[in-house]
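Below is one structure, written out as structure tokens, with a few remarks after it.
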Amino acid sequence: QEKESQDIEPSDHLVDEVLRRIKETIDFFPKAYYNFSIVASEYPGSWWYDDAKAKMRKIEKLTPIYMKILESYREEYS
């Protein structure tokens, strides 16, 4: 049997929770980036250096993606 596909609108509470979590994640990025940058700049010989640089690049890549997700979600559910 095939089930009919239905568009189910999420509750306001769920929308608010998702928006809050996305925003919290975005708000955390600058602090995380800063902390990784300390490792990268002050401990270049550390075995954590490459990991810190990789995490900084990841944050640089993810920030605009998460901003776009937040913007899209706001547009969809506002």
Side-chain angles (χ1 to χ4, degrees):
Q1 287 181 338
E2 265 187 59
K3 292 184 179 181
E4 288 186 30
S5 174
Q6 296 178 353
D7 289 337
I8 299 173
E9 288 292 320
S11 69
D12 289 343
H13 173 73
L14 179 60
V15 169
D16 290 345
E17 181 66 15
V18 170
L19 285 170
R20 184 185 66 77
R21 287 183 182 198
I22 296 169
K23 184 156 180 357
E24 281 179 356
T25 301
I26 293 168
D27 290 346
F28 180 72
F29 284 162
K31 184 175 182 178
Y33 189 93
Y34 172 76
N35 289 328
F36 290 126
S37 73
I38 290 173
V39 173
S41 64
E42 294 184 16
Y43 305 98
S46 166
W47 64 312
W48 294 107
Y49 174 84
D50 289 335
D51 183 63
K53 293 296 279 186
K55 298 240 182 345
M56 290 169 65
R57 285 189 298 274
K58 188 74 158 180
I59 291 169
E60 290 168 0
K61 180 181 175 184
L62 289 177
T63 299
I65 293 169
Y66 274 69
M67 294 295 288
K68 185 70 174 172
I69 291 169
L70 182 61
E71 178 185 322
S72 296
Y73 207 83
R74 283 182 174 155
E75 288 174 4
E76 179 74 22
Y77 296 107
S78 62

Check your understanding: Are I38 and W47 connected, step by step, through hydrophobic side chains (Ile, Leu, Val, Met, Phe, Trp, Tyr) whose heavy atoms are closer than 4.5 Å?
Key -> no
Review point. Between atom OG1 of T25 and atom CG of L70, what is the distance when rounded to the nearest 0.5 Å?
Key: 10.0 Å
Check your understanding: So, for I59 and Y33, which heavy atoms are closest and what is the spacing to 0.1 Å?
Key -> CD1-N, 3.7 Å
Exercise for review: Could you pull out the closest heavy-atom pair between K55 and F36, with the gap in Å?
Suggested key: CD-CZ, 3.5 Å
Review point. Is the closest basic N to carboxylate O distance between E71 and R74 below 4.0 Å?
Key: no
Point to revise | From OG (S11) to CD (E17), nearest 0.5 Å | key: 10.0 Å
Point to revise | Y43 atom OH: more than 12 heavy-atom contacts under 6.0 Å | key: no
Practice item. Using a cut-off of 6.0 Å, state whether more than 12 heavy atoms not belonging to Y66 lie near its atom OH. Key: no
Check your understanding: Is the number of heavy atoms from other residues, nucleotides or ligands within 6.0 Å of CZ (R21) greater than 12?
Key -> no
Point to revise | Rounded distance [0.5 Å steps], CG in L19 versus CG in L14 | key: 9.5 Å
Check your understanding: More than 12 heavy atoms of other residues, nucleotides or ligands under 6.0 Å from CG of D12: is that the case?
Key -> no
Point to revise | Distance-minimising heavy-atom pair for A40 and K53 | key: CB-CD, 3.5 Å
